[in-house]
Amino acid sequence: MATRFTLPNGLRVVHQRDSATAMVALDILYNVGARDEDESRTGMAHLFEHLMFGGSVNIPDFDGAIEKAGGHNNAWTNQDYTNFYDIVPAQNAETAFWLESDRMLSLAFSDKALEVQRNVVMEEFKQVCLNQPYGDLGHHLSALAYTTHPYRTPVIGKELEHIRGVTQEHVREFFHSHYAPNNAVLAVTGNISIDDTRRLAEKWFGPIPRREVAPRLYDAEPEQTAPRRMVVSGPVPQTLVVVSYPMPGCFHPDYAVCDIITDLLAAGRTSRYYRRLIMSTDLFASADASITGSEEPGQLLLQGMLQPGIAPDEACEALIDTARSLISDPPSEHELQRAVNCFEARQVMGNVSYVNLASMLAMDEMRHTTQQQTLARYRAIAPSDVARVAAEVFRPERRSVLVYQPSEYDSAEVSPDVEAHA
């Protein structure tokens, strides 16, 4: 079982021992993501994911220090959070505490680090968003699905100029208003005792002062009252259709139902999309359903890669009709139980690894829940819940349709044609 405690500076710590490994994992989750950025300076959270490896006040080479200790590390950023994790031999666990605490205390804020990491992020933007098929799909889709909320902007940033224009003043301001012990969770797993975890957390993180965290002042996304449609063209091999619907955030009781709905539709060969759209029609090369999984109200996505010659409207109708079949033809107890069992198996098996366990514990602590509570929410879902939530989510006036179609390679930059249909 996990043990939790909070340091006087506000850092929440969660620990669970796994004596079957000779390693220790530290996972630090900061409550800052793309939603915390200024709309004129997007991509900051993702840039900081890189800058945090550029040297801190006492450690000029973060990667070098952890590699000397026999460990390795990585990080990720999404709309809501930024995460850093380190894996080291148990006898060198203190090195990981030292490294993570030093960059929480203060970055080096060197001009060289900013220049290097800014160029790295700009090249990543070009490689991921500009130079691969469907790379800018997220830009188009989020701009279509949101009108005001900061989820409107992709994590990597809205445009290159926003990243290129970041200054040291911007970096210092963003760091001191978000990367604080009272805005973070530290999860520790592996072959380390709770006593050693408490001692090392107090020694290395305890002296770091609390900071005033910038408030979130943006407005909630207004209710969508009319369907939206966007058609874009680019150097892609075949047409992709995505249908997006607003759905509740992770704290809402219906969040788990939306997640199970996407599993019923697209998880495995027993799913409705596979049986009804892939095996029984010639419309799609592939079909999928997913949720964005965000803390605040997000999106439930239906998407299909079309076979050659298929009209996008026909494919779109098939995706929607099959999703709405959950209303008139709710899942049987057996169909639903299979989906819930698969979810539970993924959760349990995924957390067998002490590294994945650290990530899960950090996220659960950030969201004030536990794995047991999450599983209980999914086990409590009834077929009637699926039908009720499907009827609420899959309303015609709430859908946003994005059609991404092929064009000639010399015509990749096509302005989106946005059409709203009553």
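Values reported hereafter were calculated over all heavy atoms of this structure, with side chains retained and with hydrogens, waters and symmetry mates removed.
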Can [X] and [Y] be counted as having a side-chain donor-acceptor contact under 3.5 angstrom?
X	Y	value
Thr147	Glu221	yes
Asn341	Gln337	yes
Tyr404	Asp136	yes
Gln224	Glu397	no
Gln16	Thr189	no
Glu296	His149	yes
Arg35	Asn78	no
Ser294	Gln79	no
Asp288	Tyr274	no
Thr42	His162	yes

Any [X] side-chain heavy atom under 4.5 Å of [Y] side chain:
X	Y	value
Ile87	Val24	no
Arg275	Arg269	no
His368	Phe251	no
Cys316	Val243	yes
Tyr245	Leu302	yes
Pro248	Cys258	yes
Val171	Leu114	yes
Leu277	Thr322	yes

So, are [X] and [Y] salt-bridged, with charged N and O less than 4.0 Å apart?
X	Y	value
Asp321	Arg324	no
Glu335	Arg272	yes
Glu123	Lys126	yes
Glu39	Lys158	no
Arg118	Glu124	no
Arg346	Asp263	yes
Glu100	Arg103	yes
Arg276	Asp329	yes

Under 3.5 Å: donor-acceptor pair, side chain of [X], backbone of [Y]:
X	Y	result
Tyr273	Ile278	no
Asn183	Asn31	yes
Glu173	His170	no
Asp61	Gly64	yes
Thr369	Asp364	no
Arg228	Val401	no
Asp18	Asn191	no
Asp385	Ile381	no
Arg152	Tyr146	yes
Asn356	Ser353	no

[X] [atom1]: over 12 foreign heavy atoms closer than 6.0 Å:
X	atom1	value
Asp282	CG	no
Gln127	CD	no
Glu212	CD	no

For residues [X] and [Y], establish whether the separation of their ring centroids is below 6.0 Å.
X	Y	answer
Phe125	His139	yes
Phe175	Phe109	yes
Phe174	His178	yes

Take Arg377 and Glu344 through the salt bridge (charged side-chain N to carboxylate O under 4.0 Å, His left out) test and state the conclusion after the steps.
-> CA-CA 11 Å; Arg377 289 171 64 187; Glu344 183 170 350; over 6 Å; no

Assign the ring pair Phe48 / Tyr179 to parallel, tilted or perpendicular, where the plane angle (0 to 90°) is split at 30° and 60°.
-> parallel

Hey, could you give me the [atom1]/[atom2] distance between [X] and [Y], rounded to the nearest 0.5 Å?
X	Y	atom1	atom2	answer
Thr270	Arg338	OG1	CZ	3.5 Å
Ser325	Phe394	OG	CZ	9.0 Å
Phe53	Ile66	CZ	CD1	8.5 Å
His176	Arg211	NE2	CZ	6.0 Å
Tyr134	Leu240	OH	CG	6.0 Å
Thr3	Ile194	OG1	CD1	4.5 Å

Please walk me through it: do Thr239 and Gln405 pass side chain to side chain donor-acceptor pair (under 3.5 Å)?
-> CA-CA 4 Å; Thr239 299; Gln405 61 190 15; 5.4 Å; no

Please walk me through it: do Asp86 and Phe84 pass side-chain contact (heavy atoms from CB on, under 4.5 Å)?
-> CA-CA 7 Å; Asp86 311 290; Phe84 301 90; 5.6 Å; no

Show your working on side-chain contact (heavy atoms from CB on, under 4.5 Å) between Ile261 and Val393 and close with a plain yes or no.
-> CA-CA 10 Å; Ile261 283 174; Val393 171; 5.8 Å; no

Cys250 vs Arg367, side-chain contact (heavy atoms from CB on, under 4.5 Å): CA-CA, chis, key distance, verdict = CA-CA 9 Å; Cys250 71; Arg367 292 178 168 177; 3.5 Å; yes

Might you work through the side-chain contact (heavy atoms from CB on, under 4.5 Å) test for Ser177 and Val213, ending with a clear yes or no?
-> CA-CA 5 Å; Ser177 58; Val213 178; over 6 Å; no

Give the C-alpha distance, both sets of side-chain angles, the deciding distance and a yes or no for side chain to side chain donor-acceptor pair (under 3.5 Å) between Gln299 and Tyr151.
-> CA-CA 10 Å; Gln299 298 290 315; Tyr151 285 172; over 6 Å; no

Among Leu144, Leu301, Val241, side chain to side chain contact (heavy atoms under 4.5 Å, CB included) partner for Leu402 = Leu144

